[in-house]
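See structure below.
Because only heavy atoms are used, hydrogens play no part in the values below, and waters and symmetry mates are left out as well, while side chains stay in. The sequence lines fix the lettering, A, B, ..., with proteins before strands; numbering per chain opens at 1.
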Amino acid sequence: MASPQPTAQSTLDNLEARWGERWEHDGTYRFDRTHDRGEIYSVDTPPPTVSGSLHVGHVFSYTHTDTIARFQRMRGRAVFYPMGWDDNGLPTERRVENYFGVRCDPSVAYQEGFVSPAKPAAKRQDYIAISRRNFIELCERLTETDEKVFEQVWRLLGLSVDWSLTYSTVSARSQRVSQRAFLRNLARGEAYSSEAPCLWDITFQTAVAQAELEDRDRPGAYHDLRFAGTGGHGDVVGDVIIATTRPELVVSCVALVAHPDDERYQSLFGSSVRTPVFGVEVPVLAHHRAEPDKGTGIAMVCTFGDLADVMWWRELELDTRAVIGKTGRLDAETPSWLTTEPAQAAYARLAGKTIFAAQREMVELLRDSGDLLGEPRPITHAVKFYEKGDRPLEIVTTRQWYIRNGGRSPELRAELIARGKELDWHPDHMRHRYENWVEGLNGDWLVSRQRFFGVPIPLWYRLDGEGCPDYEHPIVPDEAALPIDPQSHVPPGYTAQQRDQPGGFTGEPDIMDTWATSSLTPQIACGWEDDPDLFARTFPMDLRPQGHDIIRTWLFSTVVRSHYEYGSLPWQHVALSGWILDPDRKKMAKSRGNVVVPTEMLEQYGADAVRYWAASARPGIDTAFDPSQMKIGRRLAVKVLNACKFAFGLPPARADAAVTEAIDRAMLAQLATLIDDATRAFDNYDYARALQATEEFFWRFCDDYLELVKVRAYQDGPDSGSARAALRIAVSVLLRLFAPFLPYVTEEAWSWAQTDDGPLLGFTAGSIHRASWPDGAELRSVALLDGDPSVLFIAADVLRQIRKAKSDAKRSVRAEATSVTVIDSGPRIAAVQAVLADLRSAGNVRQLTTVELTNGGEATVDVQLPETESVAP
RNA sequence: GGGCGCAUAGCUCAGCGGUAGAGCGCUCGCCUUACAAGCGAGAGGUCGCAGGUUCGACACCUGCUGCGCCCACCA
């Protein structure tokens, strides 16, 4: 065994910088693409959104993935572990706007060499309007610097990614993949465009998808409104009272709907009533989705107040009377269906107003007309919001692009649920969220966004003689020409002069939703079409790590795209990480202001310590941010260095030294079991259990085994070789078991060995992270372990009794015991006999005797300490 | 309304048919030739509640309670 190097250190100082540089230089984590698919382990790393800074939650979940990647690498797999940057989409746009004080206005001309203001304007409305091209240039500039910062954090944390594989979702290659996949969806009829009501965010001026919605409780009020009967269907027809939270939408009312079995409204079905204030005649209809318990049991259907309205509008084939536009204001022009002078006058008071203002005005109108019964009754109700927005969504009819996802097809839905069942979920119960989501889909996936920074939808439309686009037959680019921007590229067979001219063409203005591109990360990372050889070796991938909050978005959409393109899953395993909660158990989020900056944490505790904290959390479990766990991790890391310093400081073992002593063999037998446990846990993606088992063994190893054999290993006796050989094996194995969690200290200690013992038991040259994962069966076979593991437990028990006696007497642990008598059953006495010398030296016992119990009796350890001399009070 | 998860020591969490575990915190000790940023010892729990299965239940089953999350067309 080598003597300790002069550089051997027992602190964590500077390990990250030193080894980080070395790993980069040696290409320790470089992917070797010469392997076949079966020898490769490929990871579909989540590309973090590059719009600000990483936070503790990132550090947490990416560590989980890294432990698995490191385990697989040590198991001999060629690990394909890329990093991606999600620098495409709304978060980036927002950050660029605020960072530079600009906003994108497609009507503004491009400005060569645009320089942003030194300091952004204080108010959003004062931001400088710039062209789309200028805006995108700023997006690219900012994401580039953000990505450098992110990479530094990941390197410091010790992620074993191959940085040569890095991709970004807005790169030309990603755009090509995204557009190609979309065009193939289109060609197969999986993508289509449609003019239809969709959820619209009036702040961001874009349509949003079902997966991006969230409910928020908002105050509202029921307004009881009277609809006047029109008569003409018999004298029983009278007034109808409806309750609504959206009185401003009375002008958009197209029907009243009640349940077919609701006795209160039976006589009204088939008749019509007049809307208050406007006097528009609307039918009273029956539909089974109306709920007698809600409001007055009869609903005002408007185009469109909520998704229920859309459903009734579609199923009952109602008129369309929309007045709310994309800006969230009521149309300035008087709607055509208001034919009477009083109705037009009333609308004039609403025209052009925001929804909020229009509601106040409308309530006044209703009050004046006497159609508002009583006062509005305040309630709290759930309202749909875009998850990134802060104003309620409206429903606006627009032309949008969709990808079929089963929302309108039970057959497709069943196929996608079946895909979910094929997938190995870690933890398993997370599969319910997937099934829940797919079963609850109520429409196809809306992928077009009316934004600027993203992947353009690669289509043009022919314009007829009047300049109207032919949306049914888009002009499709050749795949070889991708990526294209229909706003600047000209379709084949046209000239630039024909853009937006009658008889010419127009480019699709929309971009794709960010999920439409990130749903293709396996294709992007694995080089779909661009590098068929790489693709064949890495796809379908092995692992998708991600947060459980994006099952409905990222996970599901990736499954959809792969299902279409390959008829298979994109990966076999998905590992879900939980969230980091602050100490109050709230989700840590930038908006809450409770975010801890990862770099500070890494500097304060060290990367290994932070990784220890992260890896202690069971897969999928939300975990409180807890610096005390990092302190424990730091302690563990220091302890590993110190234990190794001790082991390497011993005189070298002879090359042929055999493990002969019972206690040494017992320790190795336990070690073999530990290897089995840790390996099984890792194979099941339970890194936390592997860490816990290893850590538990390690502390016992230090406290008991090391103490027991220390003296024997130091001295040059006939049985010293056994202890030294066993220690060497144990240190080598433990370092490797810890390596996925504590890459820095294990690498440091591994470097002290300086020799190459061969792959099985000892140390191998080069990085520990390229060493082979230990194998319990091999350890047993090579070390010929017929050892009885209980010998170590029994010896540790007796040692504990000796320590307790000294502790009770307030003596030092090293204080001499004049005599110790172990009284116990036969087998245990035999074990004690086998380790007598070690027990005597570890306990500093002058005379150790054993007494075998017969006929029951109590097992005890009797410890005699010398009389104390004068003890000062 | 539907689904999922959780409930074990003061705190954070393991365990899971066979006499309740770890770390932190707390108490009392100890300079011990790897480690005082360390080491040793100790106190502390009717394992949410109620039934059931079993020779035996913290663990398995049923119901309940509380907390959290996911989903839902929320007039």
Measure all distances between protein nitrogen or oxygen atoms and nitrogen or oxygen atoms of nucleotides 2-6 of chain B, and list the pairs falling under 3.5 Å.
residue : atom : partner : partner atom : Å
B:G2    : N2   : A:N436  : ND2          : 3.4

Inset, instruction - Kindly say whether A:V709 contributes a backbone atom to a donor-acceptor pair with the side chain of A:D838 at under 3.5 angstrom? - result: no

Inset, instruction - Please confirm whether the backbone N or O of A:N405 pairs with a side-chain atom of A:D444, one donor and one acceptor, at under 3.5 Å? - result: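 Checked: pair present.
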
If you only use heavy atoms from C-beta on, which nucleotide in [options] is closest to the side chain of [X]?
X      : options             : value
A:R803 : B:A41, B:C70, B:A37 : B:A41
A:N642 : B:C35, B:C74, B:C39 : B:C35
A:R800 : B:A14, B:A41, B:G29 : B:A41
A:E707 : B:C35, B:C74, B:G40 : B:C35
A:S812 : B:C30, B:C74, B:A41 : B:C30

Does [X] reach a base, just sugar-phosphate, or nothing at all? Heavy atoms under 4.0 Å.
X      : answer
A:K631 : nothing
A:K710 : base
A:A290 : base
A:L706 : base
A:E435 : nothing
A:E439 : nothing
A:W699 : sugar-phosphate
A:C644 : nothing
A:T245 : sugar-phosphate
A:A382 : base
A:A643 : base
A:D309 : nothing

Looking only at atom [atom1], what distance separates [N] and [M], rounded to whole Å?
N     : M     : atom1 : value
B:C70 : B:U53 : P     : 39 Å
B:C16 : B:C55 : P     : 24 Å
B:G63 : B:G2  : P     : 13 Å
B:C60 : B:G38 : P     : 38 Å
B:G1  : B:C26 : P     : 46 Å
B:C6  : B:G15 : P     : 10 Å

Quick one: [X] [atom1] to [N] [atom2], roughly how many Å, whole number?
X      : N     : atom1 : atom2 : value
A:W752 : B:C35 : CH2   : P     : 12 Å
A:D608 : B:A37 : CG    : C1'   : 16 Å
A:F60  : B:U12 : CZ    : C1'   : 13 Å
A:F648 : B:C35 : CZ    : C1'   : 16 Å
A:N844 : B:C30 : CG    : C1'   : 14 Å
A:L576 : B:C69 : CG    : C1'   : 13 Å
A:F698 : B:G23 : CZ    : P     : 14 Å
A:E387 : B:C70 : CD    : P     : 11 Å

Inset, instruction - Using a strict 4.0 Å threshold on nitrogen-to-oxygen distance, state whether A:D704 and A:R800 make a salt bridge. - result: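 Salt bridge present between A:D704 and A:R800.
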
Can you find a side chain N or O atom of [X] that sits less than 4.0 Å from OP1 or OP2 on [N]?
X      : N     : answer
A:K294 : B:C74 : yes
A:R689 : B:A14 : no
A:K639 : B:C39 : yes
A:R618 : B:G15 : yes

Mind listing the N/O atom pairs, protein and nucleotides 24-27 of chain B, below 3.5 Å?
residue : atom : partner : partner atom : Å
B:C24   : OP1  : A:R635  : NH1          : 3.3
B:C24   : OP1  : A:R635  : NH2          : 3.4

Inset, instruction - Using the ring of A:W699 (Phe, Tyr or Trp, six-membered ring only), decide whether A:R635 places NZ or CZ under 6.0 Å from its centre and within 45 degrees of its axis. - result: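 Yes, A:R635 lies over the aromatic ring of A:W699.
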
Legend entry - Heavy-atom check, side chain of A:W579 versus side chain of A:S61, under 4.5 Å: no

Inset, instruction - Would you list the pairs meeting side chain to side chain donor-acceptor pair (under 3.5 Å) in which at least one residue belongs to residues 252-261 of chain A, sequence neighbours left out? - result: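 Every candidate side chain to side chain donor-acceptor pair (under 3.5 Å) pair involving residues 252-261 of chain A fails, so no pair, neighbours aside, qualifies.
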
Inset, instruction - Please name the residue in the list A:V310, A:L318, A:D306 that meets the side-chain contact (heavy atoms from CB on, under 4.5 Å) test with A:V301. - result: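 Exactly one option meets the side-chain contact (heavy atoms from CB on, under 4.5 Å) with A:V301, and it is A:L318.
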
[X]: partners by ring pair (Phe, Tyr, Trp, His ring centres under 6.0 Å), with sequence neighbours left out:
X      : result
A:F697 : none
A:W445 : none
A:F701 : A:Y705

Inset, instruction - Check whether the ring centres of A:Y434 and A:W425 lie less than 6.0 Å apart, and answer yes or no. - result: yes

Inset, instruction - Would you please name every residue forming a side-chain contact (heavy atoms from CB on, under 4.5 Å) with A:Q604, sequence neighbours left out? - result: none

Inset, instruction - Please list, chain by chain and in numerical order, all residues satisfying side-chain contact (heavy atoms from CB on, under 4.5 Å) with A:N442, sequence neighbours excluded. - result: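 For A:N442, the residues satisfying side-chain contact (heavy atoms from CB on, under 4.5 Å) (neighbours in sequence not counted) are A:Q210, A:L307.
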
Inset, instruction - Report the residues that fulfil salt bridge (charged side-chain N to carboxylate O under 4.0 Å, His left out) with A:R314, sequence neighbours left out, ordered by chain and then residue number. - result: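 Residues passing salt bridge (charged side-chain N to carboxylate O under 4.0 Å, His left out) with A:R314: none at all.
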
Legend entry - Residues in salt bridge (charged side-chain N to carboxylate O under 4.0 Å, His left out) contact with A:E696, at least two apart in sequence or another chain: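 For A:E696, no residue satisfies salt bridge (charged side-chain N to carboxylate O under 4.0 Å, His left out) once neighbours in sequence are set aside.
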
Inset, instruction - Any chance you could lay out the salt bridge (charged side-chain N to carboxylate O under 4.0 Å, His left out) test for A:E816 and A:R811, step after step, and finish with the verdict? - result: CA-CA 9 Å; A:E816 189 189 53; A:R811 304 286 180 86; over 6 Å; no

Inset, instruction - Go through residues 208-227 of chain A and report each residue with a non-hydrogen atom lying under 4.0 Å from RNA chain B, sorted by number. - result: A:Q210, A:D215, A:Y222

Inset, instruction - Go through RNA chain B and write down every stem, that is, every run of at least three consecutive Watson-Crick or G-U wobble pairs with distances under 3.5 Å, as range with range. - result: B:1-7 with B:65-71, B:10-13 with B:21-24, B:26-30 with B:38-42, B:48-52 with B:60-64

Legend entry - Mutual orientation of the aromatic rings belonging to A:F698 and A:F738 [parallel < 30°, tilted 30-60°, perpendicular > 60°]: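 Perpendicular.
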
